[in-house]
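This report concerns only the one structure given below.
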2 protein chains.
Amino acid sequence: MAGQVQRQTGVALWRQIADRIRQAISAGAYDETGMVPPETVLALQFGVNRHTVRSAIAALAQEGIVRAVQGRGTLIERKERLNFPITKRTRFTAGIGEQAREMRGLLLSYSEEKADAEVARGLKIRPGEPVIRMETVRKADGSPVSCATAWFPAGRFGGMPDAYKRTESITKAFAELGLPDYVRATTEITAVHADEADTAALELSPGAILLITKAVNTDLEGVPVQYAISRFAADRVQFTIEN
Amino acid sequence: MAGQVQRQTGVALWRQIADRIRQAISAGAYDETGMVPPETVLALQFGVNRHTVRSAIAALAQEGIVRAVQGRGTLIERKERLNFPITKRTRFTAGIGEQAREMRGLLLSYSEEKADAEVARGLKIRPGEPVIRMETVRKADGSPVSCATAWFPAGRFGGMPDAYKRTESITKAFAELGLPDYVRATTEITAVHADEADTAALELSPGAILLITKAVNTDLEGVPVQYAISRFAADRVQFTIEN
DNA sequence: TATAGTTGTCTATATCAATAGACATTTAAA
DNA sequence: TTTAAATGTCTATTGATATAGACAACTATA
């Protein structure tokens, strides 16, 4: 974990240090002991006062990642970073099935609306045609992993919100609606700072990073069936592309 | 751009606001006027003092994204985002060939070293075997887009640093060294905050976001020829995966 | 040439972030 | 039972962040 923290950047030192420690934990840097190094050691490493390190650790404790025990040290409670393979058969639930015990997709809201230019391009329909929009949040073992906004052609998949609410899975909902299989056509990936809504929904600290995917799924004939913009907590996930 | 900023989170208000405005610009929110709304309007929108908004705009001006003109307003200077397709034939230079006039790869430094566990896993060699490491920065039309650390098996590609320095391209350097074609095997994508070294190399503002790719390229027989960790300025690029 | 609207500069004040040091409290091991 | 090593708590001080208000300087337009 080389490299010093930066001052006067608008990001407090304690937050930078919290981010770095969180990353080191998820990279397995402290697996040998299962503990974060002592505060005095970290303060020396980062070139800051011990109190500043304490602020960082307090933030991580608040997130449930570590637990400080007086006299012993700071224990690591949780270190997951979920991996999402992106392939022709990209599935949210199945993709991380072995990495978490319980995967759930929750429907926050939905509505029927007219496709704007972006959605129309994704679904290969004309702007103004009716689409179903769903806002969802997806959780692994109860911890929120991503928010998604998904659009479906209204004519073919009008029953999607109801089916999704019942099955908590896009794949199962598609199956119920007569589409047993579908494939990932394109995926775009960018990264931005989280805004307020996503910070709340994903239980992030402000200034946190989001990985954004814009994906088009099609049926086996290549007809688009879903356009989705998903927002992932960058410190909890990574994507893998296998060619 | 609804939603208020958050206080006491370790991220200064001016930085949160700068991030939000940057995002709004790149989403085309101000395309109609080509200008950012007046400081007083933004201050009202975000629920902060006008001086706080001014700090945010000063940061964006420092990045070259906007230019404030007394008496007129704050003009948008730049809003582009380069697209990188990730496929079997992923090439940095050719990939964005049509999006920029001039693509260059510059060799910052190189050395011969022994493979650590991560590099050995990527190149499918034993830890400790000799590898060539190159630190490079890649530019589009003179503007830095990414930093990369790349490793090559030393025996087969000892001449890589010299060839790369001459050709400014991995693809051309491989060709010179007797490898006319290669394919992308795997790509991992994550996102983090930029550290000090990358902030300097990519001419970023502190606290900026990096998209990280860890990629393995192989020859046509599937033998790994390159393991590379690239760090992209997230506000200048996006990735596209076509299946 | 006024005038409205905009950015630029200055002073002052309050709060948050960071440093510094001292000492208490708890745990585990000598 | 000591002792070393770790976290917890307290006070004090400095610098960065944020607010508040007033006014100057510049631009475009009526």
Side-chain angles (χ1 to χ4, degrees), chain A residues 4-21 25 30 32-77 193 205-207, chain B residues 4-21 25 30 32-62 64-77 193 196 205-207:
Chain A
Q4 294 302 303
V5 288
Q6 300 168 275
R7 289 155 197 269
Q8 295 171 35
T9 62
V11 182
L13 297 182
W14 64 263
R15 174 140 295 289
Q16 296 182 49
I17 291 168
D19 292 340
R20 297 270 294 271
I21 295 175
I25 289 173
Y30 310 132
E32 210 166 307
T33 59
M35 297 175 73
V36 171
E39 294 168 354
T40 48
V41 173
L42 289 171
L44 201 66
Q45 262 182 34
F46 288 115
V48 302
N49 191 275
R50 179 181 154 227
H51 294 295
T52 308
V53 170
R54 282 180 60 75
S55 299
I57 289 177
L60 295 175
Q62 183 70 26
E63 294 179 43
I65 291 175
V66 300
R67 179 167 53 92
V69 178
Q70 189 169 4
R72 287 183 63 193
T74 302
L75 284 62
I76 294 169
E77 295 274 273
H193 286 98
S205 57
Chain B
Q4 296 301 303
V5 286
Q6 299 168 276
R7 289 154 198 270
Q8 295 171 30
T9 61
V11 182
L13 296 182
W14 64 262
R15 172 142 295 284
Q16 295 183 51
I17 291 168
D19 293 339
R20 299 270 294 269
I21 295 175
I25 289 173
Y30 310 132
E32 210 166 307
T33 59
M35 297 175 71
V36 171
E39 294 167 353
T40 48
V41 173
L42 289 171
L44 201 65
Q45 260 182 36
F46 289 114
V48 301
N49 192 275
R50 181 184 152 224
H51 294 295
T52 308
V53 170
R54 283 179 61 73
S55 298
I57 289 176
L60 294 175
Q62 183 70 26
I65 291 176
V66 301
R67 180 168 51 92
V69 179
Q70 189 171 5
R72 286 183 65 192
T74 302
L75 285 61
I76 295 168
E77 294 276 272
H193 285 101
E196 200 186 4
S205 65

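Letters A, B, ... mirror the listed sequences (proteins, then strands); counts begin at 1.
- Within the 4.0 angstrom heavy-atom criterion, only backbone atoms of the sugar-phosphate kind lie near B:T74; the bases stay farther away.
- In this structure, B:E39 contributes its side chain and B:V53 its backbone to no donor-acceptor pair below 3.5 Å.
- Listed nucleotides C:dG8, C:dA18, D:dG8 differ in distance to B:E39; the shortest reach to its side chain belongs to C:dG8.
- Rounded to whole angstrom, the span from the CG atom of A:N49 across to the P atom of C:dC16 amounts to 19 Å.
- Straight-line distance from the CZ atom of A:R54 to the C1' atom of D:dA6: 10 Å, rounded to whole Å.
- Between A:I17 and A:L42, the closest side-chain pair of non-hydrogen atoms is not below 4.5 Å.
- Atom OG1 of residue B:T52 and atom CZ of residue B:R54 lie 11.0 Å apart, to the nearest 0.5 angstrom.
- A donor N or O paired with an acceptor N or O is found under 3.5 Å between the base of D:dG8 and the side-chain atoms of A:R50.
- Remark: the B:Q70 side chain and the D:dA25 base include a donor-acceptor N/O pair separated by less than 3.5 Å.
- A straight line from CG of B:L42 to P of C:dG5 spans 17 Å, rounded to a whole angstrom.
- More than 12 non-hydrogen atoms from other residues, nucleotides or ligands lie less than 6.0 angstrom from CD of A:E77.
- Note that the CZ atom of A:F46 and the CZ atom of A:R20 stand 5.0 Å from one another [nearest 0.5 Å].
- Between the CE atom of B:M35 and the C1' atom of D:dA28 there is a distance of 11 Å, given to the nearest Å.
- In this structure, B:L13 atom CG and D:dT17 atom P are separated by 11 Å, rounded to whole Å.
- Of the listed nucleotides (C:dT7, D:dA28, C:dA18), C:dA18 has the atom at the smallest distance from the side chain of A:W14.
- Between the CZ atom of A:R72 and the P atom of D:dG8 there is a distance of 13 Å, given to the nearest Å.
- For B:H51, whose side chain is taken as the heavy atoms from C-beta onward, the closest listed nucleotide among C:dA20, C:dA17, C:dT9 is C:dT9.
- One can place CG of B:L60 at 13 Å from P of C:dT7, the figure rounded to the nearest angstrom.
- The listed nucleotides are C:dA18, C:dT27, D:dT7; the one nearest the side chain of A:T52 is C:dA18.
- We find that CG of B:L75 is positioned 12 Å from C1' of C:dT6, with the value rounded to whole Å.
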